[in-house]
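Report on one structure; see the data block that follows.
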2 protein chains.
Amino acid sequence: MNDIYALLEKNNLSRTPCRVEILKTLSQAGSALSESEIRDKLEYNFDRTTVYRTLRNFLNQNVIHSISLEGGEVRYAMTPAKDKPHGTHHVHFYCNNCSGVYCISHKPFDTPGLPVGFYPENFDLLVHGKCNKCNA
Amino acid sequence: MNDIYALLEKNNLSRTPCRVEILKTLSQAGSALSESEIRDKLEYNFDRTTVYRTLRNFLNQNVIHSISLEGGEVRYAMTPAKDKPHGTHHVHFYCNNCSGVYCISHKPFDTPGLPVGFYPENFDLLVHGKCNKCNA
DNA sequence: TTATATTTGCAACAAGGTTGCAAATATAGT
DNA sequence: ACTATATTTGCAACCTTGTTGCAAATATAA
């Protein structure tokens, strides 16, 4: 709880109920959540707009990040502390069984060669497979 | 043009105007297109629904594939012939300058180690940077 | 305690995508 | 050629995700 307050202060964000609840929800969730999943989990029923605006603020300040899945689905998750400022190699894992999305962002990986004239700046890798819970 | 007819036949899809036009558009386009970009380029004005249904058919048969970008934007592109049946390593390039999306699907790459219990099945890598046109 | 800035809710909207149903086309079967 | 059947198309309606404008509420500063 104190880490949430600290995180807000570090980013010059006032301690509003919606912000606190969203951060609490995201940090308690084991995996990345969609906006509607987040809103369902909030204690108080904030308006959709308010939640979206709060998420956008968090995204801008890199407090959270978004993961885009196949078919345009978007999930939101806390940005791991070590990732600030955000590195260039991002890894996420999508479980084909339970649809859970996990940040594996601290794992570096080798990047492929590209055709002549293409210069890479950063890399987003989405690994599909079975997560630890679904394999147990 | 004959390759398009052949592609349809190979997938047991009848040669309907909408199918032919969409495949023509996608194979002429240098980069992946969104549904609205596709529809704008079609000679005849097909209904949105028809285009979506056609795209869905093509996706199911792996004639085309979709690429999900940051923020939930989805683009569609021909599946390169060599990729059928689709492999496990997919690479796409997003140009930060012109927003073009290119398939680099024939490039293999090394995949990262994963936490215990996570078993990978396939990999989608989106490389961000500057494309060959924007660097020229 | 007034003045100002921030946050919230509401209504409305836009884009992407889907579904149901009926009209139009094509494909067979005889 | 002529029904009978299946496929494709268009239209209207709808859902979800996300945004914008504006006014009310709340917090912050002077």
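The sequence lines fix the lettering, A, B, ..., with proteins before strands; numbering per chain opens at 1.
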Checking side chain to side chain contact (heavy atoms under 4.5 Å, CB included) for the pair A:Arg15/A:Arg19: CA distance, chi angles, key distance, verdict? CA-CA 7 Å; A:Arg15 194 185 299 176; A:Arg19 286 184 187 148; over 6 Å; no

For B:Arg56, answer base if it contacts any base atom (sugar-phosphate contacts may also be present), sugar-phosphate if it contacts only those atoms, and nothing otherwise; contact means non-hydrogen atoms under 4.0 Å. sugar-phosphate

Please check if A:Phe109 and A:Leu126 belong to a single hydrophobic cluster, counting links between Ile, Leu, Val, Met, Phe, Trp and Tyr side chain heavy atoms closer than 4.5 Å. no

Let me know the distance between CG of A:Asn12 and P of D:dT28, rounded to the nearest Å. 13 Å

Near DNA chain D, under 4.0 Å by heavy atom, which residues of residues 42-50 of chain B? B:Tyr44, B:Phe46, B:Asp47, B:Thr49, B:Thr50

Begin with the C-alpha distance, continue with both residues' side-chain angles, and end with the deciding distance and a verdict on side chain to side chain contact (heavy atoms under 4.5 Å, CB included) for A:Leu7 and A:Met78. CA-CA 11 Å; A:Leu7 188 58; A:Met78 301 291 293; 3.6 Å; yes

In whole Å, I'd like the distance from the CG atom of A:Leu69 to the P atom of D:dT17. 12 Å

Could you walk me through whether A:Asn96 and B:Glu121 pass the side chain to side chain contact (heavy atoms under 4.5 Å, CB included) check? CA-CA 9 Å; A:Asn96 289 325; B:Glu121 286 163 14; 2.8 Å; yes

Between B:His65 and B:His92, does the ring centre distance come in under 6.0 Å? yes

If only side-chain N and O atoms count, and only distance matters, is there a donor-acceptor pair under 3.5 Å linking B:Asn122 with B:His89? no

Please list residues of residues 32-40 of chain A whose heavy atoms come under 4.0 Å from any atom in DNA chain C, ordered by number; otherwise none. none

Evaluate A:Val127 against B:Thr111 for side chain to side chain contact (heavy atoms under 4.5 Å, CB included), listing each step before the verdict. CA-CA 9 Å; A:Val127 182; B:Thr111 51; over 6 Å; no

Can you see whether A:Arg75 engages A:Ser31 through a side-chain donor-acceptor pair at a distance of less than 3.5 angstrom? no

Let me confirm one number: the OG1-CD distance from B:Thr25 to B:Glu37, rounded to the nearest 0.5 Å. 11.5 Å

Calculate the interatomic distance between A:Leu8 atom CG and C:dT6 atom C1'; express it in whole Å. 14 Å

Can you check whether B:Tyr52 has a side-chain N or O nearer than 4.0 Å to OP1 or OP2 of C:dT18? no

Specify the separation, in whole Å, of atom CZ of B:Arg53 and atom P of C:dG20. 11 Å

A:Ile22 atom CD1 is separated from C:dT7 atom P, nearest whole Å, by 13 Å

How many Å lie between CG on B:Leu59 and C1' on C:dT18, as a whole number? 14 Å

Under 3.5 Å, which protein N or O atoms sit close to an N or O of nucleotides 24-26 of chain C? Give each pair with its distance.
none

Closest of C:dG20, C:dT8, C:dG17 to the A:Pro17 side chain is C:dT8

Can you tell me the distance, in whole Å, between the CG atom of A:Asn57 and the P atom of C:dT7? 7 Å

Without hydrogens or angle criteria, can the side chains of B:Glu35 and B:Tyr52 be said to hold a donor-acceptor pair below 3.5 Å? yes

Could you tell me how far apart A:Phe58 (CZ) and C:dT7 (C1') are, to the nearest whole angstrom? 13 Å

Measure the acute angle between the ring planes of A:Tyr102 and A:Phe93, then classify it against the limits of 30° and 60° as parallel, tilted or perpendicular. tilted

